Amino acid sequence: MSLVIAGAAVVVSVSVGPIGVSPIEALRVVVNRLPGVGIDHGLDPTQAAIISEVRLPRVLLAAVVGSVLATAGGAYQATFRNPLADPFLLGAAAGAGLGVTVALTGAGAELGDSGAGVTAAAFAGAMVAVALTYGLGASAGERSGASLILAGVAVAALLSALQNLLLQQDDESIRDVYAWLLGRFNVAGWDEVRLVIPSAFATLTVLVLAGRRLDLLALGDEPLPPVR
């Protein structure tokens, strides 16, 4: 049922806009994009191009990004047994922001401003932040959720300060940096969809394989009461 609702939402989304088309016509254009399928959608080339090259990649990218964010939030909440857990908890968001800032400012000019280069920098920054958080939390002598949370707050504050320092030294890049940090779909195309889908698939695969461990973490440290 969820897949049906999601598919219907995609069709309705691509049919709404300044140039309106019926959902049936939009569905025909979407189906026509499938490999080996060729049907008459009944639209002129301009309308078909607006559906398939402008609206459809934006809608699909929003759906993929939303599903990954929801999955990541569920994984955080299961790990820390806290319904308010989010990527800021371990400093991952701050690390990704610092990675984007390094890539788009003079500090990382050799990376260029390509989508793949900036995305790789954001991922590397997030991984470094999580590693720092884990190392700092383990240095307390006890790996617990509380120690990781406290370490994450400290690491996030440090990385955010470094990001602000870089932005102050290269204020011409502030708009580009915040455009990446806040996110946008108005200029998204099929290149962005092809860039995001592999990493989203890899992330979902890892979380599915680790699902049993996450379920065990959600049970907590207290022993279960005996069955009577």
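Since the model is a prediction, treat every value here as computed from it, not as a measurement. Numbering starts at 1 and runs along the sequence shown.
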Are Phe123 and Val196 in one and the same hydrophobic cluster, where Ile, Leu, Val, Met, Phe, Trp and Tyr link if side-chain heavy atoms are under 4.5 Å apart?
no
Linking I/L/V/M/F/W/Y whenever any side-chain heavy atoms sit under 4.5 Å apart, do Leu162 and Leu166 land together?
yes
Nearest non-hydrogen partners of Ala129 and Val155, listed with the distance:
O-CG1, 3.9 Å
Gap between atom CD1 of Ile174 and atom CG of Leu181 - 0.5 Å precision:
11.5 Å
Can you name the side-chain contact (heavy atoms from CB on, under 4.5 Å) partners of Ile24, sequence neighbours left out?
Ser22, Arg28
For Asp191, give me all partners under side chain to side chain donor-acceptor pair (under 3.5 Å), at least two apart in sequence or on another chain.
Arg194
Please list, chain by chain and in numerical order, all residues satisfying side-chain contact (heavy atoms from CB on, under 4.5 Å) with Ser67, sequence neighbours excluded.
none
Atom pair CD1/OG1 of Ile149 and Thr133 - distance to nearest 0.5 Å
11.0 Å
To the nearest 0.5 Å, how far apart are OH in Tyr178 and CG in Leu104?
12.5 Å
Tell me the side chain to side chain donor-acceptor pair (under 3.5 Å) pairs involving residues 158-167, sequence neighbours left out?
Thr101-Gln163
Got a sec, which pairs hit salt bridge (charged side-chain N to carboxylate O under 4.0 Å, His left out) with one end in residues 47-73, sequence neighbours left out?
Arg33-Glu53
Can you name the residues that form a side-chain contact (heavy atoms from CB on, under 4.5 Å) with Val193, not counting sequence neighbours?
Pro57, Leu61, Trp190, Ile197
Taking the hydrophobic residues Ile, Leu, Val, Met, Phe, Trp and Tyr, and joining any pair whose side-chain heavy atoms are under 4.5 Å apart, which ones share a cluster with Leu209?
none
Does some side-chain heavy atom of Val177 sit less than 4.5 Å from a side-chain heavy atom of Leu167?
yes
Closest contact, heavy atoms only, Leu195 versus Pro198
O-CD, 3.7 Å
Any donor-acceptor N/O pair, Glu192 side chain to Gly189 backbone, under 3.5 Å:
yes
Using the rule that Ile, Leu, Val, Met, Phe, Trp and Tyr join whenever any side-chain heavy atoms are under 4.5 Å apart, tell me whether Val153 and Val130 fall into a single cluster.
no
Quickly, which of Asp176, Thr119, Val118 forms a side chain to side chain contact (heavy atoms under 4.5 Å, CB included) with Val100? Name it, please.
Val118
Identify the two heavy atoms, one from Val59 and one from Ser13, that lie closest to each other, and give their separation to 0.1 Å.
CG2-CB, 3.7 Å
Going by side-chain contact (heavy atoms from CB on, under 4.5 Å), name the residues that satisfy it together with Ala156, two or more places apart in sequence or in a different chain.
Ala94
In terms of hydrophobic clustering (I, L, V, M, F, W, Y; side-chain heavy atoms under 4.5 Å; direct or indirect links), are Leu204 and Met127 co-clustered?
no
Are Val10 and Val54 grouped together when hydrophobic residues (ILVMFWY) are joined by side-chain heavy atoms under 4.5 angstrom apart?
no
